[in-house]
Number of protein chains: 4
Amino acid sequence: MTPAVAVHDKAEAILGAALELFVERGFHGTSVPSVAERAKVAAGTIYHYFSSKEALVNALYKRWKEALVAEITSSVDSSKAPREQFRSVWMRMAAFAIKYPKELAFLELHHHASYLDAECLGIERQVFDLGVLIVTEAQTIQALRNVPAGILLEFAQGAFVGIFRAAIEGRLPLTLETFQQAEQCAWEAVRG
Amino acid sequence: MTPAVAVHDKAEAILGAALELFVERGFHGTSVPSVAERAKVAAGTIYHYFSSKEALVNALYKRWKEALVAEITSSVDSSKAPREQFRSVWMRMAAFAIKYPKELAFLELHHHASYLDAECLGIERQVFDLGVLIVTEAQTIQALRNVPAGILLEFAQGAFVGIFRAAIEGRLPLTLETFQQAEQCAWEAVRG
Amino acid sequence: MTPAVAVHDKAEAILGAALELFVERGFHGTSVPSVAERAKVAAGTIYHYFSSKEALVNALYKRWKEALVAEITSSVDSSKAPREQFRSVWMRMAAFAIKYPKELAFLELHHHASYLDAECLGIERQVFDLGVLIVTEAQTIQALRNVPAGILLEFAQGAFVGIFRAAIEGRLPLTLETFQQAEQCAWEAVRG
Amino acid sequence: MTPAVAVHDKAEAILGAALELFVERGFHGTSVPSVAERAKVAAGTIYHYFSSKEALVNALYKRWKEALVAEITSSVDSSKAPREQFRSVWMRMAAFAIKYPKELAFLELHHHASYLDAECLGIERQVFDLGVLIVTEAQTIQALRNVPAGILLEFAQGAFVGIFRAAIEGRLPLTLETFQQAEQCAWEAVRG
DNA sequence: CATGAATGAGTTTTCATTCAT
DNA sequence: TATGAATGAAAACTCATTCAT
């Protein structure tokens, strides 16, 4: 579940500091010196590991997006009943959200940003297309509501993100229970 | 529905230009000179109408948040049945989203940003509290599912935003029909 | 003889300061703040008038190269005898060197530098081609020695530059007399 | 003719790489890491052989200036006639220019630069003074034109450099013939 | 000897803001 | 009111140099 091993202490410190600051202040609101300060390295050191500030966000984005995607795809098991599959995916995402709240917040925040490179945007697209495929299949056996697959997908993802955001902003407890309750709502929303 | 009348052409041009740029590039990614250029005014002129760049976002945020809140609250009619009330609120928001997509995107993007002042954040809280009140009432008559009011609220709002984002990013058509289909899902999610 | 009128005081101050520093320390050895300091303007002001440090050298180069070229071309008078024409061109360049020593030193120093744009390099080529033409014509009437035109041209120009450099470096007096004496040598070198 | 034997491969590689880069981009335009990269050594290695970037240019300058001076002085033979002596010096310099074009270009480019130390500048002066002595002597027997010795010296050197530069910039062929033709011009310029 | 990660001062450049006109 | 030239602090990034390995 944990992504890429920490080969370089400094690089890891930089990635960690950057993650926090990008979540707190956004990409343009975060200066490279501020990242250096929080990572306790010199400003120049950042450029040993990342060719630019953009390369830094992209590295961060790719790392955690891949971790999230791995989490989701590994939780898909087509041998199970649709109800179980849905719960499984939702709750794995919930577990990820609870374990890596800053990281997920970062991914949410930088969704489709102009400074993400083609590769990062490609991962997004890929996941979306896979989602559409699975939903469409489930619709043929009437396991899911008969509306455009994109709507079901975006609806459920939006709902999840809504719950998650409320949790990290302190309006809901960031617990499995919160996500479980939301999951029941979500299933009713999408079921056939 | 349209907010505050345009007293000053220049001020309006500035607000319009700023809105677009803040959506395109974010607050920190937008420079005051670039706002001036798009608004076709001199950079100094912006400071006749707004004391700072922060004052500008806040003015923009307050204007459109209030417009959105007015839209939502005016669509609440407790004499109607819960199902009708829900549909009414959801579809009014949809109409707003279709009429003012950039403006709604702006509100979404700047949600809880550190440069928003207390007044702006206050509006948020206020709306949330009102929502909790209404939901809780509806729950007492078993019109809505018996889970914490906050969860229902954040779930529905998150789902709406998910659909809206997908629409402005081109993955779904930005039409009333899209929102109607999502509304049916949403009602099933929250109904008692 | 004086190039472009001084419309903007600050722009002129910047150009003047940059000229001096580029001569003293070279392009890469001169920092933008140091130019600002000598010009008595803020560092940012330089970027109101010149889009980059490169644009600044290019503006400077073009201005003075054109002034020099104008000086030389205006001194060509094909109705005069070859001996007189040669003396005329040489002494006009000498007058330019004495009047604008820093400026000529700047042009010499930045000859063919990698940061000069195509337009600047174009002027060089143009002048060279014109020179070859004139020399070749003079050779047909046996007024000039019968060696490749380029050799005569580069020889005479090199000799002139040698004298000029020695003068600004203090090894020769920077006077008309110095150039007159050199002119006699030069004519003997190239005459037919 | 070849200067200082290569004791250390690495040091030689560094000197060679530095020479090329200083010619291509100038002293301030060349970074130590770029020298290291072209020399295929680590950046730190450069500091084992040269105490600083300045020490590196100075070592390079001294090495090649001395080689050039040795070449010239060894070609002076006061027993020969002035015409022969002149040709001999000129053509030896030409041979040097053809054999070591980059090295000569380097010497030309860094002439009198502020980062050269006293020793380097001393060599310059010494050669100049020797030249003045020889020229003055030749003038007493009316072998050379009766103008200030410095003028003859700077004129001839300037002409040589002009031809050389044109050659390395591709406007003239870098061949003995080019220099022979220029030598005839030069002799006519300076002869008594 | 040789390396290259690490540093931090210095580079070019941008930008929020001011102010004389 | 409106302008836009001017400012200077701060941004992203580079680089000469050091030092632990």
Side-chain angles (χ1 to χ4, degrees), chain A residues 8-11 13-14 27-37 39-56, chain B residues 8-11 13-14 27-37 39-56, chain C residues 8-11 13-14 27-37 39-56, chain D residues 8-11 13-14 27-37 39-56:
Chain A
H8 292 281
D9 282 4
K10 306 257 170 176
I14 291 164
F27 177 70
H28 290 297
T30 300
S31 74
V32 172
S34 72
V35 174
E37 192 186 16
K40 287 176 185 161
V41 300
T45 302
I46 291 178
Y47 291 90
H48 265 284
Y49 295 101
F50 307 97
S51 62
S52 67
K53 193 183 165 188
E54 284 211 359
L56 176 55
Chain B
H8 293 281
D9 281 5
K10 306 251 170 179
I14 291 163
F27 177 70
H28 291 295
T30 300
S31 73
V32 174
S34 72
V35 173
E37 191 187 16
K40 288 176 185 162
V41 301
T45 304
I46 291 178
Y47 289 86
H48 275 284
Y49 295 101
F50 307 96
S51 63
S52 68
K53 192 182 168 189
E54 286 211 357
L56 176 54
Chain C
H8 293 281
D9 283 4
K10 306 257 170 177
I14 291 163
F27 176 71
H28 290 297
T30 300
S31 75
V32 173
S34 72
V35 174
E37 192 186 14
K40 287 176 185 160
V41 300
T45 303
I46 291 178
Y47 290 87
H48 265 284
Y49 294 101
F50 307 97
S51 62
S52 67
K53 193 183 166 188
E54 284 211 359
L56 176 54
Chain D
H8 294 280
D9 281 4
K10 306 250 171 182
I14 291 164
F27 177 70
H28 291 295
T30 300
S31 73
V32 174
S34 71
V35 173
E37 191 187 16
K40 288 176 183 160
V41 301
T45 303
I46 291 178
Y47 289 85
H48 273 285
Y49 295 100
F50 307 96
S51 63
S52 68
K53 192 184 168 187
E54 286 211 357
L56 176 54

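Throughout, a chain's letter reflects where its sequence line sits, starting with A, and its residues are numbered from 1.
- If you measure from atom CZ of F50(A) to atom C1' of dA6(E), you get 15 Å, rounded to the nearest angstrom.
- Atom CZ of residue F50(A) and atom OG1 of residue T45(A) lie 11.5 Å apart, to the nearest 0.5 angstrom.
- The two atoms that bring S31(D) and S34(D) nearest to each other are O-OG, 2.6 Å, heavy atoms only.
- Rounded to whole angstrom, the span from the CD1 atom of I46(B) across to the P atom of dT1(F) amounts to 16 Å.
- Note that NZ of K40(D) and NZ of K10(D) are 11.5 Å apart. Values are rounded to the nearest 0.5 Å.
- Of all the heavy atoms in V35(C) and I14(C), the pair that sits closest is CG1-O, 3.9 Å.
- Nucleotides dT21(F) and dC1(E) have their P atoms positioned 22 Å apart, rounded to a whole Å.
- Heavy-atom contacts from other residues, nucleotides or ligands closer than 6.0 Å to CD of E37(A) number 12 or fewer.
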In dot-bracket notation, what is the pairing pattern of DNA chain F, taking Watson-Crick (N1-N3 plus N6-O4 or O6-N4) and G-U wobble (N1-O2 and O6-N3) contacts under 3.5 Å, with [ ] crossing and | for other strands? .||||||||||||||||||||
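- Mapping A42(D) and K10(A) onto DNA chain E via the closest heavy atom, the residue that lands nearer the 5' end is A42(D).
- Contact between A39(D) and A13(D) at its shortest, heavy atoms only, is CB-O, 3.4 Å.
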Quick one, F27(B) with K53(B), criterion side chain to side chain contact (heavy atoms under 4.5 Å, CB included). Give me CA distance, side-chain angles, the key distance, then yes/no. CA-CA 9 Å; F27(B) 177 70; K53(B) 192 182 168 189; 3.8 Å; yes
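- For dA2(F), one of the phosphate oxygens OP1 or OP2 lies less than 4.0 angstrom from a side-chain nitrogen or oxygen of Y49(B).
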Protein-proximity profile, nucleotides 13-21 of chain E, B/S/- by nucleotide at the 4.0 Å heavy-atom cutoff, equals BBSSBB---
In sequence, state the C-alpha distance, the side-chain angles, and the governing distance for L56(C) and Y49(C), and then conclude on side chain to side chain contact (heavy atoms under 4.5 Å, CB included). CA-CA 8 Å; L56(C) 176 54; Y49(C) 294 101; over 6 Å; no
